[in-house]
Number of protein chains: 2
Amino acid sequence: MPIGKYPAEVHGDSPLQDVLTWRIHIVHAKLNAHAAKFLEGVSGIPLVHWRVMLTIGENGSTTHSAIHRKILMDKGQLSRCLKAMIEDGLVTTHDDEADQRQQRLSLTKKGLRIFRKTLPEMRSRQNFLIGELSKIERKSIFSALDKLERAAGNFGFAA
Amino acid sequence: MPIGKYPAEVHGDSPLQDVLTWRIHIVHAKLNAHAAKFLEGVSGIPLVHWRVMLTIGENGSTTHSAIHRKILMDKGQLSRCLKAMIEDGLVTTHDDEADQRQQRLSLTKKGLRIFRKTLPEMRSRQNFLIGELSKIERKSIFSALDKLERAAGNFGFAA
DNA sequence: ACTTTATTGTTGACAAGTCAACTATTATCC
DNA sequence: GGATAATAGTTGACTTGTCAACAATAAAGT
């Protein structure tokens with residue numbers, strides 16, 4: 001027996017379709033797919049690799065865990081990602097004299113070349129996306145994301 | 001040989017850290033983990049199941065593909081999700097006379113009970129999250145997400 | 001000094017998300 | 001009415017994301 005429409009007071013009056021978390025879930029999936037495809041065309045590297053390369057390139061040189069803290073990527077994922085990037089000849093490591101546990105990471109010549117080629121492309125994509133927004137939306141979305149992130153607290157992301 | 005800091009004109013002046021797609025990636029992950037844990041406490045069902053239950057409950061009864069279109073969940077994922085929900089006794093199907101391909105879905109008594117218990121909890125969570133935002137942010141974030149979704153185009157989500 | 005605690009990074013196991021091929025049914029269009 | 005295309009839903013293979021246990025080194029506390 002099918003159960004009919006539920007009384008109004010049960011599902012209230014607010015539009016359920018814009019459940020915030022789900023909206024973000026969907027938009028995230030689309031932006032991600034878009035970025036990945038775009039990047040594939042530009043440099044042929046995976047999105048996650050780019051995100052890491054960006055962090056290294058930005059600083060010139062960093063450590064594994066500095067990246068982890070900065071972009072909040074899962075440690076395990078990051079470890080495997082860097083391993084692949086080293087195999088691909090994009091990143092090199094050299095020992096940190098002061099701390100035997102960590103290694104300093106930097107881009108190879110090849111990595112740097114790709115970084116330089118990709119950065120402006122990715123930036124113009126970003127500008128395109130942001131350009132679609134009004135000035136107010138542009139300002140609001142970043143602050144709103146910050147607040148939501150804080151409100152969600154520290155779930156996920158095993159330290 | 002480590003490669004030093006790159007010249008300013010290479011990485012420009014805009015703060016790279018708020019690369020939009022990545023910000024959304026992170027916020028999404030946190031909101032998701034938060035929602036999942038919250039829901040686990042309330043009803044013990046997975047987030048995706050809830051999202052589907054919400055859609056069925058909202059309409060009283062729907063079809064597989066109507067859900068797919070409405071919430072943009074992957075067909076395959078949805079298929080397996082519904083299968084599990086039927087096994088759990090939350091959803092029942094009955095044949096659609098008009099179209100042999102599809103089946104109408106509705107909540108069972110048990111499903112409805114959980115739906116009724118969970119909805120207000122999830123709504124108050126949503127209100128809490130939204131309550132953190134200013135009026136402007138609240139308005140902007142939804143419209144901004146819409147625009148970004150459109151700008152990202154129809155990548156991903158195999159029809 | 002030496003035990004305890006924290007940090008760094010690796011690994012394995014698992015869960016969730018994505019894509020594409022495939023069957024069965026219905027709609028469309030000469 | 002019969003070929004062609006579209007839609008509904010299932011399934012398998014694969015990718016990505018997440019968590020937790022672990023070894024190695026460093027820092028802190030007594």
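Since the structure is predicted, the reported quantities are computational estimates derived from the model, not experimental observations. Letters go in sequence order (proteins before strands), and every chain restarts at 1.
Contact annotation: H64(A) does not reach the phosphate of dT7(C) (side-chain N/O to OP1 or OP2, under 4.0 Å). For dT7(D), the OP1/OP2 oxygens have no side-chain nitrogen or oxygen of H68(B) closer than 4.0 Å. For the OP1/OP2 pair of dT8(C) and a distance below 4.0 Å, the side-chain nitrogens and oxygens of R69(A) include at least one atom meeting the criterion.
Nearer the 5' end of DNA chain C, as judged by each residue's closest nucleotide, is the contact made by R101(A), out of R101(A) and R101(B).
Atom pair Q100(A):CD and dA27(D):P shows a separation of 11 Å (rounding to whole Å applied). Rounding to whole angstrom units, CZ of residue R104(B) and C1' of dA8(D) are separated by 13 Å. One can place CD of E97(A) at 18 Å from P of dT8(C), the figure rounded to the nearest angstrom. For the pair I26(A) CD1 and dT18(C) P, the computed distance is 8 Å after rounding to whole Å. Put simply, NE2 on H25(B) is 12 Å from P on dG17(C), counting in whole angstrom units. Atom NZ in K75(B) sits roughly 22 Å away from atom P in dA16(C) (whole-Å rounding). Between M73(B) atom CE and dT10(D) atom P there is a gap of 14 Å when expressed in whole angstrom units. Between the CG atom of D95(A) and the P atom of dT8(C) there is a distance of 16 Å, given to the nearest Å.
Between S79(A) and K75(A), the closest side-chain pair of non-hydrogen atoms is not below 4.5 Å. Looking at L148(A) and L133(B), their side chains come closer than 4.5 Å, going by heavy atoms from C-beta outward. At a threshold of 4.5 Å between non-hydrogen side-chain atoms, the residues R125(B) and H34(B) count as touching.
A salt bridge links E149(B) with K30(A): the distance from a Lys NZ or Arg NE/NH1/NH2 to an Asp or Glu carboxylate oxygen falls below 4.0 Å.
No donor-acceptor contact under 3.5 angstrom links the side chains of D96(A) and Q103(A), judged on distance only.
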(Q) I'd like to know whether L119(B) forms a side-chain contact (heavy atoms from CB on, under 4.5 Å) with W50(B), so could you lay out the CA-CA distance, the side-chain angles of the two residues, the decisive distance to 0.1 Å, and finally the verdict. (A) CA-CA 9 Å; L119(B) 184 54; W50(B) 167 246; 4.1 Å; yes

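Remark: Q77(A), R80(A) in residues 77-86 of chain A come within less than 4.0 Å of DNA chain D through at least one heavy atom.
Partners of R101(B) according to the salt bridge (charged side-chain N to carboxylate O under 4.0 Å, His left out) rule, which considers only residues two or more places apart in sequence or in another chain, are D99(B).
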